[in-house]
Amino acid sequence: MLRIGLFPGSFDPPTLGHFDIIEKSKILVDHLIIAVHSSETSLFSFEEKRLMLQKIAPKSKIVPLNGLVVDLAKEMEAEFLIRGLRTPADFDYEFQMASANRHLSGIETIFFMANDDHTQISASLIREIIKHKGSLNGLVPKQVEKIIQKKFS
Ligand code: ADP
């Protein structure tokens, strides 16, 4: 049976940290679905995020996340959720989310720990750097950097 994992997140924009979690998940899943949450305050639209994610995860299905993660997981027949952990602060938040999702549907969340050199990378840091026209080298995948540069050039 194919093992399907669902990786939900904002990906505003996708970073090297996200990319690393996507890569690590391959030891566990046959098929990874990436669910993208967007809001009015997102810097990038769903279509822009989809384009960026498709470049770094060409085999993954990229879908919008509008309702509850657990409902989407059921619809997509995902067996478990995938998330990343950087810091103890991440753990507090993720523990709460994983418990809530398990309570709602029985689904488990599987965590991969960030690489040492990714623990300080967050999408909000990337957005701040974009705002001040700084370098994204070593923070986002090259293909993502190109798309960001195109948008803001
Ligand atoms: P959300 O708004 O749902 O937290 P994010 O796009 O910020 O969405 O993050 C999605 C997932 O990726 C979360 O589990 C987060 O902990 C993980 N993540 C984000 N940045 C990194 C990183 N640098 N290294 C490892 N995991 C990360």
Side-chain angles (χ1 to χ4, degrees), residues 1-130 136 139-141 143-145 147-148 151:
M1 203 179 101
L2 279 184
R3 305 211 89 169
I4 303 173
L6 184 82
F7 183 21
S10 302
F11 307 104
D12 192 37
T15 68
L16 269 181
H18 293 130
F19 175 61
D20 188 47
I21 300 299
I22 292 167
E23 286 296 301
K24 285 186 203 301
S25 74
K26 288 180 183 167
I27 62 173
L28 207 66
V29 303
D30 300 305
H31 187 57
L32 183 72
I33 297 167
I34 305 177
V36 181
H37 176 258
S38 298
S39 70
E40 281 150 30
T41 55
S42 297
L43 183 57
F44 296 93
S45 67
F46 169 72
E47 278 310 320
E48 289 167 332
K49 294 178 188 181
R50 197 174 60 84
L51 187 69
M52 293 188 271
L53 286 163
Q54 205 73 83
K55 293 270 185 219
I56 61 173
K59 288 187 180 151
S60 283
K61 189 170 183 173
I62 323 286
V63 296
L65 174 61
N66 296 313
L68 289 174
V69 169
V70 291
D71 291 339
L72 186 64
K74 205 173 284 174
E75 188 189 325
M76 296 281 155
E77 296 180 342
E79 220 176 310
F80 41 77
L81 304 176
I82 301 278
R83 295 282 286 178
L85 284 174
R86 286 163 291 185
T87 59
D90 267 359
F91 178 81
D92 280 349
Y93 173 72
E94 296 290 346
F95 187 75
Q96 201 178 16
M97 288 300 297
S99 302
N101 286 328
R102 191 196 290 120
H103 173 78
L104 285 169
S105 75
I107 198 164
E108 291 292 340
T109 306
I110 293 173
F111 296 95
F112 289 99
M113 278 177 63
N115 273 1
D116 291 345
D117 44 354
H118 295 151
T119 55
Q120 303 305 317
I121 303 179
S122 65
S124 61
L125 170 75
I126 306 298
R127 293 196 296 276
E128 199 60 24
I129 294 174
I130 292 171
L136 295 177
L139 299 171
V140 301
Q143 301 102 312
V144 170
E145 194 177 341
I147 295 170
I148 295 175
K151 177 176 165 88

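Within the 4.5 Å cutoff, side-chain heavy atoms of F112 are placed close to those of L28. Taking the side chain as every heavy atom from C-beta outward, V36 and R50 never approach each other to under 4.5 Å. Considering only heavy atoms from C-beta on, Q54 comes within 4.5 Å of I62 through its side chain.
The shortest heavy-atom contact between K55 and Q143 is O-NE2, 3.7 Å. Across all non-hydrogen atoms, the minimal contact from V63 to M76 is CG1-CE, 3.9 Å. The shortest non-hydrogen separation linking P141 to P14 is CD-O, 4.1 Å. What you find for A78 and L6 is that their closest heavy atoms are CB-CB, 3.9 Å. Taking both residues in full, the closest heavy atoms of T119 and D116 are given as OG1-O, 3.3 Å, listed atom of the first, atom of the second, then distance. The two atoms that bring I21 and G84 nearest to each other are CD1-CA, 3.8 Å, heavy atoms only.
Atoms CG and CZ, on N115 and F19 in that order, are 11.0 Å from each other to the nearest 0.5 Å. Distance check: L16 CG to D117 CG gives 8.5 Å after rounding to the nearest 0.5 Å. Atom CD1 of residue I22 and atom CD1 of residue I82 lie 10.5 Å apart, to the nearest 0.5 angstrom. L43 CG to K151 NZ: the interatomic distance, rounded to the nearest 0.5 Å, is 6.0 Å. For the atom pair CE of M113 and OG1 of T87, the computed distance is 10.5 Å after rounding to the nearest 0.5 Å. Rounded to the nearest 0.5 Å, atoms OG (S38) and CD (E47) are 10.0 Å apart.
Among residues two or more places apart in sequence or in another chain, the side-chain contact (heavy atoms from CB on, under 4.5 Å) test is passed with I126 by P13, T15, I121, I130, L136, L139, V140. With sequence neighbours left out, R83 forms a side-chain contact (heavy atoms from CB on, under 4.5 Å) with P8, Y93, E94, T109, F111. Not counting sequence neighbours, K61 has no partner by the salt bridge (Lys or Arg N to Asp or Glu O under 4.0 Å) test. Every residue two or more places apart in sequence or in another chain that forms a side-chain contact (heavy atoms from CB on, under 4.5 Å) with E79 is listed here: M1, R3.
The list of ring pair (Phe, Tyr, Trp, His ring centres under 6.0 Å) pairs with a residue in residues 21-42, not counting sequence neighbours, is empty. Among residue pairs with one or both ends in residues 23-37, those qualifying as salt bridge (charged side-chain N to carboxylate O under 4.0 Å, His left out) are D20-K24, E23-K26; sequence neighbours excluded.
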Tell me, with the steps shown, if I147 and F44 meet side chain to side chain contact (heavy atoms under 4.5 Å, CB included). CA-CA 11 Å; I147 295 170; F44 296 93; over 6 Å; no
Applying side chain to side chain contact (heavy atoms under 4.5 Å, CB included), run through M52 and I148 and close with a yes or a no. CA-CA 9 Å; M52 293 188 271; I148 295 175; 4.2 Å; yes
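F7 pairs in a side-chain contact (heavy atoms from CB on, under 4.5 Å) with only one of the listed residues (L81, L32, V29), which is L32.
For the 3.5 Å distance criterion, the side chains of S105 and K74 fail to qualify, holding no donor opposite an acceptor.
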